[in-house]
Amino acid sequence: MDKDKFQEFLPTMSRIFSMTRYFGVSTCKPSIAFGWTVILLLMLLAIEVGAIWKIVRLLGGWAVHSTDSRGFTARLSGCIFYGNALLSLILSIKFVSSWEQLSERWSRTETDPGLRLPSDSRIKRRTVLVSAFVMTCACVEHMLSMMSATGFDCPPEEYTERYILSSHGFLVQNDEYNLWLAIPIFIMSKLATALWNFQDLIIILISMGFTSRYNRLNTYVHRVVMLERNLKEGAQVSSENYMRFQIWRRIRQAYVRQAALVRLVDDQLGALVLLSNVNNLYFICLQLFLGINSKDRGSFINRLYYFISLGWLMFRACGVVLAAADVYIHSKKALISLYLCPELAYNLEIKRLKYQLKNDEVALTGMGLFSLNRELLLEVAAAVLKYELVLVQYDK
Amino acid sequence: MDTTKQPIVSGLSNQLEALNFKALLSDNSINLNRNRKHIKSTTRGNFRERILRKVQNRISPEPIQEDSKIPLTCQFQLFQTAMKHLLISGQFMGLNPVSRISDHSPTKIRFTVLSWKFVYGVTIGIAQACATVLCFCKLLKDSVNIVALAYFAFYLSTGCNTFIFLRVASKWPTLIKHVYETQLDSYIDVKVKNKCFAAYIIFFSMSMTEHMLSLLSKFVITMDCLPKGSDLFESYIIRNFPWLFEFDVPYYLPIGVILQFLTLVSTINWSYSDLFIVCMSIYLTSILKQINKKIEMAGNSNHLPIPFWRTLREDYTRATRLVRSFDDTISSVIFLSFASNLFFICLQLYNILSNGVTSKYNLLKEMCPNYPSGPLGGYEQIMYLLFSLSFLLGRSLVVSLVAAKVHSASMVPASALYNIPRNMYCSEIQRFLDQVHGDKVALSGLRFFYVTRSLVLSVAGTIVTYELVLLQFSNED
């Protein structure tokens, strides 16, 4: 059916959200999935409290070991990693719970203005491709991390012990290790990685949905304007003024509704955007600092893991900002077509639409603190460079 | 004070227009009680208003007030009631010495140099200035260390605060007059009172807790190392005010009491300006939010004619003028508050990150005869440091976010105005949109920076940069 073709994006997203139940992101309705979510939440909270306690011990001067992997940096990173996982889980649950309402509002925005917009046939394929790509890369990176933590020459019975002690040294000392502690930590580390990638994935997918919708609106506007230009003088898209006004009024209302929808989703997603960006910024700075400053590079697998994980992190962080920046860019693209509008066809509705597109800032923001557009990427890169230059001097 | 004087002919047509649209309006959800409230005041009202009142009585006999139980009828009364506790407790610390500041009649509020409040404020300011100078001398005498720098900055910022509030006090009667004359009586939100009172209680209680913890930790340290037979209070005062006693000033009990009082006043002063900014922002944001609510409700109705939008736009203009007027008065307070918060956060974070939570004294403590003697068994200093730092961070964050709400609230009308359908669109709406987009309505710090949400991010970035640079000093030690 025609209608289904317009709205392929929303069912795809709903299906993706239903698959996230397996790593704890589910709606708030009581069910088995929610029970699993609560268990995961409590375990993450326990790990986070443990990590914070270790930091307080270090600062208070009671820490027993404070060598490299148990020093302040390692403890802080562990704390931030699990803190991010905890907050990300809570915020994702909130978002997924409100997704039903949001998608209803979204599909109403799609059908309301009564315009026959061209459909975007590739959005579903793109969504699935992007999700699969992110998941695969996350799995590859995590497997490399596991291999890098233990090395290749590890006897299987010692595997968990060596893995936990080397990757979670900030949490578990040599003498505190036991199997009952190791297995939950093992599961939680997988979960935390999955959540870290998922939060970026949500933002990318939602931005892609908005961009596709704006693209369709812009294409429609372009077609109408071109039609008006190509007709001979005197003839118009419709011979009656009323019909022309109707079409432009519907177009303007479609843009207004779309802007309102973006703002509504932004209210729900804003905290996740902020969390994701801050977290990515911290870990990029940290990885660069550790890479530049470390003297002992370790084996080949360690170096390979370092480069792949840093590369994947930067790629994902840039991907999030660029995808979200596309929303802002596409929301203003119709202006170019509107400037081409011939004089005979120009009317008050077009004037209002131009004013609105020029002045209304429609973008995903991080809780209003910053707005995601391409300039932000440059500013963040400059900030990262500045911090690295300062941190590099620690060694000297 | 209604100053619109119109020629008779256009006045009549305005009245007819107004009568027309009030007759058309069938839903009472939009508050039309602006004119109704003018019944009580004798200085407002003219022939046109009285006609409108009579018509309205016939159409909608039930007045729809925001909250019919509270008798607050004008902005001035709301402002005075909400800010009463804040302003009076400020005057106990010599801040904002305006006489009869909570009076309900604006003519009685006056700033005179000869009042005892002014003299009290100036005395405290001079005492803080002397303390600043002495701390500076001590800083020059010894090398630059964190404790001396902290004392110097503390007395400097509280001294500047006192003098800045004196300046605020001189502009206060003008500000109050503007609040009284602003005709925004239909945009009263009575929840402002509760919010300001809640903020007041929270800030004061946390500030007092911080002061108590500081006193406790200092007394405990003194008690630990008290040589037998000496007076506790005397050794406490001599140990904790080195900037005075190292210059061979003899100790007397009144001096000790005065110094203790000065510390108390300065500590509360430190967080008072933040509380002041928060309360003013809450008040201004409430007016803008009420206007936004009215615009949104109007956008949902079917037909509202041009005079309605003109009135709404003029109300928005009056609200922004009020924000500007407040900004002119309190921007120096905002500037000092942000600057001192930034400095102290950097200092405290550096202190904690480089030295850990233990101080040099804690290492010596174990050699003191009476260790440990406090109720918390030796952890008083750590608790005080952590509490002080988190209070400082929390305060700065709250002030920035609440003050930024004024700016965000002023940008909200745009999205509702874009949605106005064709039959209601007119030049007034276009003017309104131009105004919303073209004007920057925000509180500022002496116009050096505007307090918006992006400011929070840039301040956080600045703090991180400075910390990273400063921490190298501890590595080189």
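The sequence lines fix the lettering, A, B, ..., with proteins before strands; numbering per chain opens at 1.
- Counting non-hydrogen atoms of other residues, nucleotides and ligands closer than 6.0 Å to CZ of Phe387(B) gives a total above 12.
- Within the structure, side chain to side chain donor-acceptor pair (under 3.5 Å) pairs that include any residue of residues 392-403 of chain B comprise Asp274(B)-Arg395(B), Asn341(B)-Arg395(B) (at least two apart or interchain).
- With a 6.0 Å radius and a threshold of 12 heavy atoms from other residues, nucleotides or ligands, Glu296(B) has its CD atom at or below the threshold.
- Here the closest heavy-atom approach between residue Leu457(B) and residue Leu369(A) is recorded as CD2-O, 4.0 Å.
- Take Asp434(B) and apply the salt bridge (charged side-chain N to carboxylate O under 4.0 Å, His left out) test, not counting sequence neighbours, and it matches no residue.
- In this structure, chain A has a heavy atom under 4.5 Å from the side chain of Val456(B), while its backbone stays farther away.
- Crowding of Lys332(A) atom NZ: a count of heavy atoms from other residues, nucleotides or ligands under 6.0 Å exceeding 12.
- Atom CZ of Phe448(B) has 12 or fewer heavy atoms from other residues, nucleotides or ligands within 6.0 Å.
- Counting non-hydrogen atoms of neighbouring residues, nucleotides and ligands closer than 6.0 angstrom, the CE atom of Met367(A) reaches no more than 12 such neighbours.
- Residues of residues 409-421 of chain B that come closer than 4.5 Å to chain A, counting heavy atoms only, are Ser415(B), Leu417(B), Tyr418(B), Asn419(B), Ile420(B), Pro421(B), ordered by residue number.
- Residues of residues 347-361 of chain A placed with any heavy atom under 4.5 Å of a heavy atom in chain B are listed by number as Leu348(A), Glu349(A), Arg352(A), Tyr355(A), Gln356(A), Asn359(A), Asp360(A).
- When the shell of 6.0 Å around CD of Gln430(B) is examined, it contains more than 12 heavy atoms from other residues, nucleotides or ligands.
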